[in-house]
Protein chains: 2
Amino acid sequence: MQGHKIPKYLKISQEIISQIRKGELSEGMRIPSENEIIEQFGVSNTTARKVLQEVELSGWATRVKGKGTFVHREKVVRSATRILSFTRNMAQAGLHPFTKVLFRGIVKEGYSEMINGRTHTLPGPIFKLHRLRFADRTPMMLEVRYISLRFCPDIMDKDLEGSLYGVYEKEYGLSLSEVDQMLSAIIIEAGVKEFLDVPDNTPGMLVDGVTFCGKNKVLEMERSIYRGDKYRFAVRAR
Amino acid sequence: MQGHKIPKYLKISQEIISQIRKGELSEGMRIPSENEIIEQFGVSNTTARKVLQEVELSGWATRVKGKGTFVHREKVVRSATRILSFTRNMAQAGLHPFTKVLFRGIVKEGYSEMINGRTHTLPGPIFKLHRLRFADRTPMMLEVRYISLRFCPDIMDKDLEGSLYGVYEKEYGLSLSEVDQMLSAIIIEAGVKEFLDVPDNTPGMLVDGVTFCGKNKVLEMERSIYRGDKYRFAVRAR
């Protein structure tokens with residue numbers, strides 16, 4: 001490797017990984033074989049072999065003996081025992097987050113939900129935010145957030161296309177002390193299915209949660225649906 | 001209330017709750033109305049009203065205005081951030097655990113699984129235990145446990161119809177230091193469906209886990225399927 005020159009095998013493997021990320025090569029599809037890489041890119045068989053190794057090592061594909069190398073997108077692992085924004089979680093997974101705001105507005109009624117045996121309440125008026133979250137171009141999660149206007153009075157005017165946790169911290173100087181959540185396995189139903197672009201009978205994870213910014217200070221509550229085919233939730237008990 | 005005499009309304013409500021627990025009154029069914037209780041038990045309308053209130057307050061039924069009171073079995077909440085046996089979890093929920101051993105035996109091959117990004121291995125031979133766990137008469141969860149024979153040499157001969165965590169602690173003096181788990185939302189598929197006695201396309205929670213009895217000491221690994229229609233998982237992040 002001379003100077004800043006990227007080795008050929010890395011360039012080619014990055015191109016293939018980029019195609020997987022964009023969905024041009026999708027789950028279960030065969031990626032180019034050694035011979036196809038040699039022909040297509042005019043490289044040696046050593047380089048072609050290194051390309052395949054690189055793609056496999058990066059976790060984007062699995063080699064099946066005698067059959068080829070197949071796209072294998074690992075599910076995103078989301079820690080449920082750390083306070084973690086969608087945005088940071090995507091970065092951990094090497095994916096690019098994108099957010100589409102579906103609804104934003106102040107609603108008169110408060111919101112109340114029982115989570116882990118305790119009923120939490122956000123008295124109205126509150127700010128309601130409905131967003132669809134993507135990894136690159138893939139819809140991953142649909143969320144409704146109910147946010148305290150007491151702690152975040154002018155949140156309506158903030159940038160709501162990134163991490164809300166970031167907004168709470170940077171714009172309002174709030175530090176998040178605790179997130180309590182309830183996870184349920186569900187079937188993604190009509191109405192949600194269309195947003196997440198999944199076929200009938202796709203499993204999903206329903207997350208009801210409450211976020212505190214200090215003892216008994218309810219900052220927001222959420223109700224989100226994560227695609228079960230794209231996520232695994234990591235928990236740790238001691 | 002004189003001496004140890006239980007008030008009538010409590011006696012009757014307990015009888016109704018017992019019918020719900022046994023499944024004689026099942027989810028969604030209407031429980032006797034005020035008038036039916038008056039007739040059936042020969043009590044006043046005040047007592048009948050108190051019976052219905054009591055059943056509702058106990059969380060076993062919900063009153064729907066103008067329609068009646070309907071059985072509403074809350075999902076069992078299972079904490080995923082505390083080390084918790086099925087047996088204790090059932091006791092918390094006021095249910096009676098029952099266990100059916102489907103397979104027990106020593107297998108030569110070890111078991112290896114990636115959990116939360118780390119691969120954990122139990123080298124063979126290991127003890128394999130396949131159990132179906134019930135709440136009263138309802139199948140709730142199907143589990144396979146892979147257990148270290150190094151830490152539990154004669155576990156084959158122990159009582160395996162209760163809490164394994166209890167066996168580890170009482171029989172082998174082991175204290176559990178950590179449980180790492182991975183939760184995935186799935187559709188309960190053929191082969192498992194029959195054991196859990198659920199219809200097609202019932203959601204489930206797949207739990208892959210590893211239990212340690214000290215730093216890096218893998219005591220057991222598990223792969224369990226919880227009925228999604230019966231469980232919610234509680235998590236807490238700080």
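By convention in this document, chain letters (A, B, ...) are assigned in the order of the sequence lines, proteins followed by strands, and residues within each chain are numbered from 1. Reckoned from all heavy atoms, side chains included, excluding hydrogens, waters and symmetry mates. From a predicted model like this one, the values you see are computed outputs, not experimental measurements.
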Any residue of residues 179-189 of chain B which, by heavy atoms, sits under 4.5 Å from chain A: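 Interface residues of residues 179-189 of chain B: B:Val179, B:Asp180, B:Gln181, B:Met182, B:Leu183, B:Ser184, B:Ala185, B:Ile186, B:Ile187.
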Taking [atom1] in [X] as the centre, count heavy atoms belonging to other residues, nucleotides or ligands within less than 6.0 Å. Is the count above 12?
| X | atom1 | value |
| --- | --- | --- |
| B:Arg30 | CZ | yes |
| A:Lys193 | NZ | yes |
| A:Arg49 | CZ | yes |

Considering only heavy atoms and a distance below 4.5 Å, find which of B:Arg236, B:Arg227, B:Met205 pairs most often with chain A. B:Arg236
Is B:Arg82 in contact with chain A via its backbone, its side chain, both, or neither, using a 4.5 Å heavy-atom distance? backbone
Quick one: what part of B:Thr81 sits under 4.5 Å from any heavy atom of chain A, side chain, backbone, both or neither?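 Contact with chain A: backbone and side chain both.
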Under 6.0 Å from the six-membered ring centre of A:Tyr172 and within 45° of its axis: does the NZ or CZ of A:Lys158 meet both?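 The answer is yes, since A:Lys158 meets both limits relative to A:Tyr172.
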State whether A:Phe195 and A:Lys100 meet the cation-pi test: NZ (Lys) or CZ (Arg) under 6.0 Å from the six-membered ring centroid, and within 45° of the perpendicular axis. no
Counting heavy-atom pairs under 4.5 Å with chain B, the top scorer among A:Asp229, A:Asn201, A:Thr211 is A:Asn201
Who among A:Gly228, A:Ser177, A:Pro203, A:Gly209 has the most heavy-atom pairs with chain B under 4.5 Å?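 That would be A:Pro203.
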Can you tell which part of A:Leu206 gets under 4.5 Å to a heavy atom of chain B, answering side chain, backbone, both or neither?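 Side chain of A:Leu206 only, per the 4.5 Å heavy-atom cut-off to chain B.
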Nearest heavy-atom neighbours spanning A:His120 and A:Phe212: CE1-CZ, 3.5 Å
Below 4.5 Å, heavy atoms only, C-beta onward: do A:Thr99 and A:Leu132 meet side chain to side chain? no
Assess whether a salt bridge exists between B:Arg232 and A:Asp208, defined as any Lys/Arg side-chain N lying under 4.0 Å from an Asp/Glu carboxylate O.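 Yes.
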salt_bridge(B:Arg223, B:Glu143) N-O dist < 4.0 Å: no
